[in-house]
Amino acid sequence: MRIATWNVNSLKARLPKVEEWLSYAAPDVLCMQETKLADAAFPAMAFNALGYEVAFHGNGRWNGVAIASRVGLEQARPGFAGEELSEIEECRFLTALCGGVRVGSVYVPNGRAVGSEHYEAKLAWLERLRDDLAEQCSPDQPIAICGDYNIAPADADVFDPKAFAGATHVTPAERAAFSGFIEWGLFDAFRLVYPATDRLYTWWDYRAGDFHKHRGMRIDHLLVSRPIAERVSYALVDREARKGMGGERPPSDHAPVFVDFDWPAAR
DNA sequence: ATGGTAGCGCTGCTA
């Protein structure tokens with residue numbers, strides 16, 4: 001089974017790229033973030049035509065998450081458990097059962113500046129996510145919570161730790177929140193395959209030519225529970241999908257990441 | 001080098 005995650009930075013702008021990627025990477029499940037689409041505008045038929053069912057949760061302009069699956073998609077739930085749709089201002093979390101795996105697509109708030117109200121809201125949101133998992137799931141079940149965590153878990157996950165001194169994504173509090181998921185029973189699937197390889201990034205700033213200088217961060221993660229972790233065989237950041245092609249509009253500032261594991265529902 | 005680019009949508013915010 002191949003589960004992927006990709007912050008597409010507008011599914012409207014990126015749909016041809018996503019369709020192309022689905023056709024050659026052929027994930028069984030793709031979690032998307034920053035679709036920037038209201039539910040009424042979600043291009044479900046484009047996914048259906050490629051053999052994927054979709055669940056989506058967005059209100060336009062900003063944020064927005066989705067899950068595409070070709071191994072079944074049931075029990076789709078937007079937001080946290082018990083959260084009323086009408087009270088959700090920012091669409092950042094969506095879960096569904098795909099091929100026997102509880103899949104979550106997450107878009108963690110950016111945080112903007114350390115100490116700002118947005119930073120505090122990011123930490124609070126991460127705590128709420130952890131509470132939701134603890135209430136709704138058990139780590140002995142197959143779980144994959146995938147998405148843009150906006151956290152680089154270790155210094156090896158940023159191109160230059162000194163350049164991020166005092167910045168978000170690398171603070172002890174954010175890293176502690178990330179560790180909280182690990183302590184609860186999830187594994188950083190990418191690190192199971194590449195335990196100590198640095199310079200494996202998933203995001204590069206559009207500005208200053210950072211992608212071409214490979215000045216990036218690893219902030220998109222697939223966190224999986226033990227039943228999946230012990231079956232992981234392969235993982236990859238598809239850096240090719242972050243490259244623009246001549247004459248086309250720019251790619252997303254994130255690359256897709258996927259993990260493969262032996263699973264009966266896989267196609 | 002305290003900049004730079006992209007998306008949305010039409011002004012400036014978010015990243």
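Just so we're on the same page: letters track the sequence lines, and every chain starts at 1. Reckoned from all heavy atoms, side chains included, excluding hydrogens, waters and symmetry mates.
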Which protein N or O atoms sit under 3.5 Å from an N or O of nucleotides 1-4 of chain B?
residue: B/dG4; atom: O6; partner: A/Arg207; partner atom: NH1; Å: 3.4

**Message:** Going by the rule side chain to side chain donor-acceptor pair (under 3.5 Å), which residues pair with A/Glu120 if we only count those two or more places apart in sequence or in a different chain?
**Reply:**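 So A/Glu120 forms no side chain to side chain donor-acceptor pair (under 3.5 Å) with any residue.
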**Message:** Does this structure show an ion pair linking A/Glu83 with A/Arg128, if we count only N-O contacts that are shorter than 4.0 Å?
**Reply:**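 Salt bridge present between A/Glu83 and A/Arg128.
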**Message:** Between A/Glu53 and A/Arg70, does any NZ, NE, NH1 or NH2 come within less than 4.0 Å of an OD or OE carboxylate oxygen?
**Reply:**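 Salt bridge flag = no for A/Glu53 with A/Arg70.
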[N] and [M]: how far apart are their [atom1] atoms, nearest whole angstrom?
N: B/dT14; M: B/dA1; atom1: C1'; result: 24 Å
N: B/dC13; M: B/dT2; atom1: P; result: 22 Å
N: B/dA6; M: B/dC10; atom1: C1'; result: 16 Å

**Asked** Within the structure shown, what part of the strands sits under 4.0 Å from A/Arg215 by heavy-atom distance: base, sugar-phosphate, or nothing?
**Response**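 No contact.
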**Prompt:** Within the structure shown, what part of the strands sits under 4.0 Å from A/Tyr107 by heavy-atom distance: base, sugar-phosphate, or nothing?
**Reply:**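 Answer is sugar-phosphate: A/Tyr107 comes under 4.0 Å of backbone atoms only.
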Taking only the side-chain nitrogens and oxygens of [X], find out if one of them lies under 4.0 Å from OP1 or OP2 of [N].
X: A/Ser10; N: B/dC8; value: yes
X: A/Arg14; N: B/dG7; value: yes
X: A/Arg61; N: B/dT14; value: no

**Request:** Could you tell me the separation between the CG atom of A/Leu133 and the CG atom of A/Leu223, rounded to the nearest 0.5 Å?
**Result:**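 Between atom CG of A/Leu133 and atom CG of A/Leu223 there are 9.0 Å.
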**Euclidean distance, A/Leu30 CG relative to A/Ile67 CD1, rounded to 0.5 Å** =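 Separation between the atoms: 9.5 Å.
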**Message:** By nearest heavy atom, map A/Gly111 and A/Pro250 onto DNA chain B; which one lands nearer the 5' end?
**Reply:**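 Its nucleotide being nearer the 5' end, the pick is A/Pro250.
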**Request:** Let me know which of A/Arg92, A/Glu34, A/Lys36 forms a side chain to side chain donor-acceptor pair (under 3.5 Å) with A/Asn63.
**Result:**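 When side chain to side chain donor-acceptor pair (under 3.5 Å) is applied between A/Asn63 and each of A/Arg92, A/Glu34, A/Lys36, only A/Arg92 qualifies.
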**Side chain of A/Glu34 - closest among B/dG7, B/dA15, B/dC8** =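 Side chain of A/Glu34 sits closest to B/dA15.
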